[in-house]
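See structure below.
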Amino acid sequence: LPAIFAWRCASSCIASCSRQLPAKVTRARFRKSRIAMRALLVLASALVCAHAALVRDSAMNIGLMRHLQSTGQPLQNLKLPSDQWFTQTLDHFDPLNNQTFQQRYQVNSTFYKTGGPLFVLLGGEGPINGMWLAADTAIMLYAQQFNAVVVQLEHRFYGKTHPLPDLSMDSLRYLTSEQALADAAVFITSFRATLAAPAPAIVFGGSYSGALAAWFRIKYPHIAAGAIASSAPVLAKLDFLQYHEVVQESLSTTAQGPLCVSNIKQATAKLQNLAQTPAGLAQIVTDFKLCQASLSDPWDIMNFFSSVASNFDGIVQYNKDNRGFEGGPVPPTIDDACRIMTNGSDAYSNYIAFNNYILQTGSQSCFDVSYSEMVGMLRNASWDGAGAEGGRQWTYQTCVEFAYFQTSDSPNQPFGTMFNLTFSLQQCVDIYGITSVPNVDWTNTFYGGTNIGGTNIVFPNGQIDPWHALSVLQREGPTVNAIYIGGTAHCADMYPPSSADVAGLTDARELIVNYLKGFISS
């Protein structure tokens, strides 16, 4: 679901693009309900950097960034940080409202030395994951280099941070990016006062939290000395046409690329023809192992086409990311997807085989495309509901502030025409009763879109990642810098280094170190 899939990143990019689904849920549970299949899924073959002339730090290269390419600390030996709680203001913009709530955060001070900086990993659309502060993730390697204390702060209304007793519309009006930024400002100011010596703060984030990091720097430059905004969709966009255009471009980079894309188009065309008749719809039910006995409701049909596309979306968005440090199986790659799509001469049969592969890897017996079931789950305003794991909150944010609706409206993508902008907007109506269009014009006016102001902001983006289309890809002024990493996907720079990393990814992390030096020294 275009609006909802923005949340898939949520579960994966939470504070730092972790691939884990909220509370380890139930990837199966969300795959079955199709919520995991449409995410805030929130570049070139070589690294393109606006600051190519920067001097590389060979000590970082030798001492840290290549350290984990052959060895790493076993997962079972990692000590996860404990949860801590901060008394936070509910409404920062109403001086007459004195309500507060408990906001979760975690700290790793292993490498901290007096006078060292404060690195703050901003939470996104899901629970914070202590693994990102325990493993040799990029931010922890940076902390070791700069003697920093690292804190990750959970976003209001996600994870264990429950500002109000439920997720009703009355409660969700306090769920805005502006309130979240104010949370971070109050927290950082308070936490920094506890350190033994004054210290500059640097904010980090990936996907939605990457955008928050960039926005924090422009709104609170007196609090944060700089921001690393990885895979940050800073441009709110109603009809995110480019998403599936980049998916097509990314699939085309595989060895079977042109044929892979052509076969997806052919198979989709056959599906659209089948969808025109009751007999054809019955065949789809059988061929794609739908959980429903029949496929006749127009919204279920649109949801089916959206969900089939999202099978490719998720693989592209997280292609070859180094999530192994979190545990779990190795996920499929775009190479795997295109091998299946070109394994036989009949494109439609290959599409069926690919769907079976997705069901098998997700341990699912059937393909659930029920629109009413999805809407019913997201209408549930209880913290005990499945939607409270992130789907209800993030979908609300897209319906109000960002949109990011990944539709089939572009002719330059292989997934047909069956899930248009109307399909996304209807979800906002059916789930929340929101009949107005998301106010993306105001969001872009307030934050600047890709013409972002400010200084000391770095935007790393991956070529394969569809979200790079809404980020900053070229240097904007003297101190807003873009790092474009060929052959990498969503938030790739934030993961632990790996022997499988392309050279441009290692270079990107080294460039970030140089930028951090400048931010801290200034």
Side-chain angles (χ1 to χ4, degrees), residues 15 83-105 107 118 120-125 128 151-195 198-203 205 208-209 211-227 234 236 381 383 388 392-394 396-402 432-434 436 438-449 452-455 457:
D83 290 343
Q84 300 185 54
W85 301 93
F86 179 76
T87 300
Q88 187 61 266
T89 300
L90 177 64
D91 188 348
H92 297 279
F93 309 106
D94 180 0
L96 300 181
N97 186 337
N98 60 4
Q99 290 177 273
T100 61
F101 65 93
Q102 295 301 297
Q103 186 169 21
R104 182 167 64 147
Y105 69 98
V107 181
L118 168 61
V120 180
L121 191 56
L122 297 178
E125 61 279 49
I128 55 176
V151 179
Q152 63 174 341
L153 180 67
E154 194 163 67
H155 196 295
R156 57 169 56 204
F157 287 97
Y158 289 99
K160 295 181 180 180
T161 299
H162 299 177
L164 291 166
D166 60 27
L167 293 168
S168 65
M169 291 296 286
D170 282 344
S171 297
L172 291 178
R173 65 193 177 97
Y174 296 104
L175 173 57
T176 67
S177 58
E178 191 175 4
Q179 293 280 9
L181 293 175
D183 288 344
V186 172
F187 172 82
I188 293 172
T189 300
S190 176
F191 187 87
R192 187 159 49 185
T194 68
L195 299 178
I202 310 294
V203 289
Y208 166 53
S209 70
L212 289 175
W215 296 334
F216 189 88
R217 171 59 186 165
I218 65 173
K219 295 298 183 183
Y220 298 96
H222 58 292
I223 296 178
V234 291
W383 280 109
R392 177 170 170 82
Q393 301 95 302
W394 179 247
Y396 171 80
Q397 289 191 262
T398 62
C399 288
V400 173
E401 286 191 87
F402 309 120
Y432 309 102
I434 297 175
S436 57
N439 198 359
V440 296
D441 289 341
W442 169 246
T443 300
N444 292 328
T445 298
F446 188 69
Y447 293 123
I452 195 165
T455 59
I457 306 172

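Counting begins at 1 with the first residue of the sequence.
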Expected output: side-chain [X] to main-chain [Y] donor-acceptor under 3.5 Å:
X	Y	value
Thr194	Ser190	no
Gln152	Gly123	no
Thr443	Glu401	yes
Glu154	Lys160	yes
Tyr158	Trp394	yes
Thr89	His92	no
Gln103	Phe86	no

**Aromatic plane relationship, Trp383 with Phe157 - under 30° parallel, 30 to 60° tilted, over 60° perpendicular** =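 If you compare the ring of Phe157 with that of Trp383, the planes turn out parallel.
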When you compare the side chain of [Y] with that of [X], does any pair of heavy atoms fall below 4.5 Å?
X	Y	value
Pro438	Thr398	no
Arg104	Trp85	yes
Leu90	Leu164	yes
Leu172	Gln397	no
His155	Glu125	no
Phe216	Ile188	yes
Met169	Tyr432	yes
Trp215	Phe446	no

Quick one: [atom1] on [X] to [atom2] on [Y], what's the gap to the nearest 0.5 Å?
X	Y	atom1	atom2	result
Leu153	Ser209	CG	OG	11.0 Å
Asp91	Tyr174	CG	OH	5.5 Å
Arg217	Thr455	CZ	OG1	3.5 Å
Phe402	Asn439	CZ	CG	11.5 Å

Could you tell me which non-hydrogen atom of [X] sits nearest to which non-hydrogen atom of [Y], and how far apart they are?
X	Y	value
Ala213	Gly205	CB-N, 4.0 Å
Ser177	Leu212	CB-CD2, 4.0 Å
Ile218	Gly454	CG2-CA, 3.8 Å

**Prompt:** Do Leu181 and Tyr447 pass the side chain to side chain contact (heavy atoms under 4.5 Å, CB included) test, and can you show the C-alpha distance, the side-chain angles, and the key distance before you say yes or no?
**Reply:** CA-CA 12 Å; Leu181 293 175; Tyr447 293 123; 3.6 Å; yes
**Asked** Do any pairs count as a salt bridge (charged side-chain N to carboxylate O under 4.0 Å, His left out) and have a residue in residues 163-182, sequence neighbours left out, and if so which ones?
**Response**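 Listed once each, the pairs would be none.
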**Request:** Could you list all the salt bridge (charged side-chain N to carboxylate O under 4.0 Å, His left out) pairs where at least one residue sits in residues 180-194, not counting sequence neighbours?
**Result:**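 For residues 180-194, and leaving out neighbouring residues, the salt bridge (charged side-chain N to carboxylate O under 4.0 Å, His left out) pairs sorted by first residue read Arg156-Asp183.
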**Request:** List the steps, then state whether side chain to side chain contact (heavy atoms under 4.5 Å, CB included) holds for Val151 with Phe187.
**Result:** CA-CA 10 Å; Val151 179; Phe187 172 82; 3.6 Å; yes
**Request:** Apply side chain to side chain donor-acceptor pair (under 3.5 Å) to Tyr396 and list each qualifying residue two or more places apart in sequence or on a separate chain.
**Result:**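 Here no residue qualifies.
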If the condition is side chain to side chain contact (heavy atoms under 4.5 Å, CB included), which residues does [X] pass it with, not counting sequence neighbours?
X	answer
Thr87	Thr100, Gln102
Ala214	Ala229, Val234, Ile452, Ile457, Phe459
Ala199	Leu195

